Protein chains: 2
Amino acid sequence: MSDTAISQQDQVGQPGLRERKKRLLQEAIEQAALKLFLQRGYEQTSIQDIAETVMISPRTFFRYFPSKEEVLLGPTRTVMRAGLEHLRTLPKAQPEDEAARTALRSAVLHIAHLYQQQRYSFLLRYQIARQVPSVAAFYLYALLEAETAFCHLLQERVGGACEYSQLRLLVATHVAILRVALEQWLDGGAQGDLQALLLNYLEALH
Amino acid sequence: MSDTAISQQDQVGQPGLRERKKRLLQEAIEQAALKLFLQRGYEQTSIQDIAETVMISPRTFFRYFPSKEEVLLGPTRTVMRAGLEHLRTLPKAQPEDEAARTALRSAVLHIAHLYQQQRYSFLLRYQIARQVPSVAAFYLYALLEAETAFCHLLQERVGGACEYSQLRLLVATHVAILRVALEQWLDGGAQGDLQALLLNYLEALH
DNA sequence: TTGACTTTTGTCAGTTAGTGACATTATAAT
DNA sequence: ATTATAATGTCACTAACTGACAAAAGTCAA
């Protein structure tokens, strides 16, 4: 029962064996998958292959990841969600007019920052995923979801001060710029300063 | 043999029975699919359902359409290719600096024009496809392919006068704006003037 | 530690998209 | 009519998922 008393593990802050094993298995699945993707290629690796490597049933794989794409792009979605959260917890003390633009800029820069923090993970995933249509499509859809969420959030933020279509336009271009910056950065081996690159691109738009 | 002599049908300009039947069947498959999609929803309609309606084997369906998504989004891809072709056959008499921007603007406006010409077809497809993740992802991937093709084409066009990254940025933002304009237009029932809307959005970018 | 409770897992059966191979049928050309 | 060519159906197969249910493992209180 979770509503009668707090369990021992929760009191001490330890996650308990069950939780620990779950995290461990998730990690193991992800690592095994990435390894196989690198070795044989993404499309040449089946869920079956991954499951056998980690010695679980294919059914269990799907209890940890809703799809094969999610193994590769989970972190990307996480970073996008973090960008949204960053926007949500941003103080709204800006001048009316530029409020949305400034907030958006801050959010995409934060996303860039998170990418840089995990540059090797993202570089690896990018190198596996590039040229795989289903993964690219999944990725773009994740960006679209983020775009929509950004719009809704900003709309609450600025109230009715801005039309939705104008907001959407602003968000879409920002996400497009973020995507291009990411692409260039990753194509260059994730070596340079992504935030600087992104800022440069944002400026080029005026 | 196609290299010995031109066939009778080709001489007269008539496509021949085989070609006519093929076009007819493709049309029939597409119409049946759209009808079923509307009735039961996209995801509730299987290839099997479509095939039975047109009285063909599921295998034959795949000889006409490479995927279920393609039935819905084939026209979209066609329009994108037409936009590319428009760009390819555009006179390159513009001033160096603004050449790429002007050409791109012309291309996306041409795409908008084609959308308007088939507004009911696209509206129907949009209403079926909206909220279906796999279709949305497929659509975004088609836009990405177009984006890449635009970049390569423009790069040839302007020579080395522009860095690829700057070109990509330009194209990506234009495609994003086109996408938003399309979305707004379709959400409004494809009633207004898409080209005017798109021009307005392009101006808003400066 | 036992015993009840909950979560995780494997197994099984099923659906659906998509593909290759090959024989059969329909169209085309001579 | 005959031969070449292209379209179709059938069959067999892979691979990504999903629901249902029973077995196994983890949790917690007595």
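Chain letters run A, B, ... following the sequence lines, proteins first and then strands; every chain starts at 1. Bear in mind that the values here come from a model prediction, so they are computed numbers and not experimental data.
Residue B:Phe65 contributes atom CZ, which lies 19 Å from atom C1' of C:dT16 at whole-angstrom precision. Look at OH on B:Tyr42: it is 14 Å from P on C:dT16, rounded to the nearest Å. What separates CD of A:Gln26 from C1' of C:dT8 is a distance of 14 Å, to the nearest Å. Taking atom CG of residue A:Leu24 and atom P of nucleotide C:dT9, one finds them 12 Å apart after rounding to whole Å. Remark: P of C:dT27 and CZ of B:Arg20 are 11 Å apart, rounded to the nearest angstrom.
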query: Could you run down nucleotides 6-19 of chain D 5' to 3' and tag each one B, S or - for protein heavy-atom contact under 4.0 Å?
result: SSBBB-----SBBB

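Side-chain polar atoms of A:Glu52 and A:Gln48 form a donor-acceptor pair below 3.5 angstrom.
We find that B:Glu203 and B:Arg105 are joined by a salt bridge, their nearest charged nitrogen and carboxylate oxygen being less than 4.0 Å apart. A salt bridge is defined here as a Lys NZ or Arg NE, NH1 or NH2 lying under 4.0 Å from an Asp or Glu carboxylate O, and A:Arg77 with A:Glu145 meets this definition. Under 4.0 Å is where a charged nitrogen must lie from a carboxylate oxygen, and between A:Lys35 and A:Glu30 no such pair does. Looking at B:Lys22 and B:Glu27, no side-chain N of the basic residue comes within less than 4.0 Å of a carboxylate O on the acidic one, giving no salt bridge.
Side-chain N or O atoms of A:Arg157 include one that pairs as donor or acceptor with a backbone N or O of A:Leu87 at under 3.5 Å.
Using cut-offs of 30° and 60° on the angle between ring planes, the pair B:Tyr115 and B:Trp185 is perpendicular.
With B:His174 as the fixed residue, the side chain to side chain contact (heavy atoms under 4.5 Å, CB included) test singles out one of B:Leu169, B:Leu104, B:Leu198: B:Leu104.
Contacts with DNA chain D (heavy atom under 4.0 Å) in residues 130-146 of chain B: none are found.
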